[in-house]
Amino acid sequence: MHRLLFVFIAAAGASVLGLPGKEASPSAAAPCVAPLQWEGRWVMYDHSTGRNVRASVSYDGLKQRLRVLQRNQKHAPCQRFFEYIYLYQSMVMFQIDQKTKDCSKISLTEAWDPFDIPDNSTFEDQYFIGGPGDNVEVQEWSDRKPARRHEAWVGIYTLKDCYPVQETYAKNSSVITSTRFFNIQLGISDPDVFTPPSTCQSARPERMAESDC
């Protein structure tokens, strides 16, 4: 379960908040174990602003680091596109302007929170995404507890290999962000993507604006 809400705006998916509880099936006795290193893409959707962010992602759970490269959307006037490098063992985040290479270095205030299913999660459902002959079986988990009516987090992961499919966060019964994951490949093809560029040696301490307008 991961919380980078202060950086991103996020990508679409249905909320499953407030559904009645379901009894876990035998195959859902415990959450699966998600891969520790992968590369892929995500789309994040911020339900309060209606804005999507599409990005390529490198995820390293072993060294607690994450690299997010926003994808340039030609139809987004005034928008600036950034590369983000999160180094949780050092508790810093680098924000790099893809065009100018300007760099900001910002302290992280939240601990590492991996993309996985916590052991104390509640099993919600198991189903197929897609149609006959072209589908993927997934499990849905949440942080719902008996004393709380609504979930603050819902995660959907593939049954076979425990790849993340979607995560949804909520606060006060309202969805905040939804994130869809796709095109995941195991491993890190280039470990250097977690190394900040030389321009970050003189990084500014404040975050750069995401728009020129």
Identify whether the distance between the nearest side-chain nitrogen and carboxylate oxygen of D46 and R51 falls below 4.0 Å.
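No salt bridge links D46 with R51.
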Check this for me, if you would: do E83 and R67 make a salt bridge, where the nitrogen-to-carboxylate-oxygen distance has to be below 4.0 angstrom?
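A salt bridge links E83 with R67.
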Aromatic ring proximity W153/F115, centre distance under 6.0 Å
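No; F115 has its ring centre 6.0 Å or more from that of W153.
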Do [X] and [Y] come close enough that some side-chain heavy atom pair is under 4.5 Å?
X	Y	value
E137	K160	no
S178	H47	yes
Y59	P114	yes
M208	D102	yes
E167	Y157	yes
C32	L159	no
R41	F182	yes
K145	T122	yes

Is it the case that one hydrophobic cluster holds both [X] and [Y], taking links as side-chain heavy atoms less than 4.5 Å apart, direct or via other members?
X	Y	result
W42	I184	yes
V92	L108	no
I85	V53	no
Y86	M91	yes
Y88	V68	yes

Would the distance check show the side chain of [X] and the main-chain N or O of [Y] forming a donor-acceptor pair, the cut-off being under 3.5 Å?
X	Y	value
E151	T168	no
D190	D192	yes
D143	A152	yes
R80	A209	yes
S104	Q95	no

Indicate the ring-plane relationship of W38 and F181, choosing parallel, tilted or perpendicular according to the 30° and 60° boundaries.
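Because their plane-to-plane angle is over 60°, the rings of W38 and F181 count as perpendicular.
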Under 30°, 30 to 60°, or over 60°: which ring-plane class applies to Y84 and F82, parallel, tilted or perpendicular?
tilted
To the nearest 0.5 Å, what is the distance between [atom1] ([X]) and [atom2] ([Y])?
X	Y	atom1	atom2	result
W112	L66	CH2	CG	6.0 Å
T179	I156	OG1	CD1	11.5 Å
L62	I188	CG	CD1	9.0 Å
I106	M93	CD1	CE	4.0 Å
E140	E124	CD	CD	6.0 Å
R144	S121	CZ	OG	11.0 Å

Can you see which heavy atom on [X] is nearest to which on [Y], and at what distance?
X	Y	answer
P35	C162	CD-O, 3.2 Å
I129	V165	CD1-CG1, 3.9 Å
V138	T158	CG1-CA, 4.0 Å
C103	I96	SG-CG1, 4.1 Å
P118	D116	CD-O, 3.5 Å

Heavy-atom count check: over 12 atoms from other residues, nucleotides or ligands less than 6.0 Å from N120 CG?
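More than 12 within 6.0 Å, yes.
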Heavy-atom count around R71 CZ within 6.0 Å, excluding the residue itself: above 12?
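Not buried by this count: 12 neighbours or fewer within 6.0 Å.
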Enumerate, atom names and distances included, each donor-acceptor pair closer than 3.5 Å involving a side-chain atom of residues 194-202, sequence neighbours excluded.
residue : atom : partner : partner atom : Å
T199    : OG1  : K101    : O            : 2.8

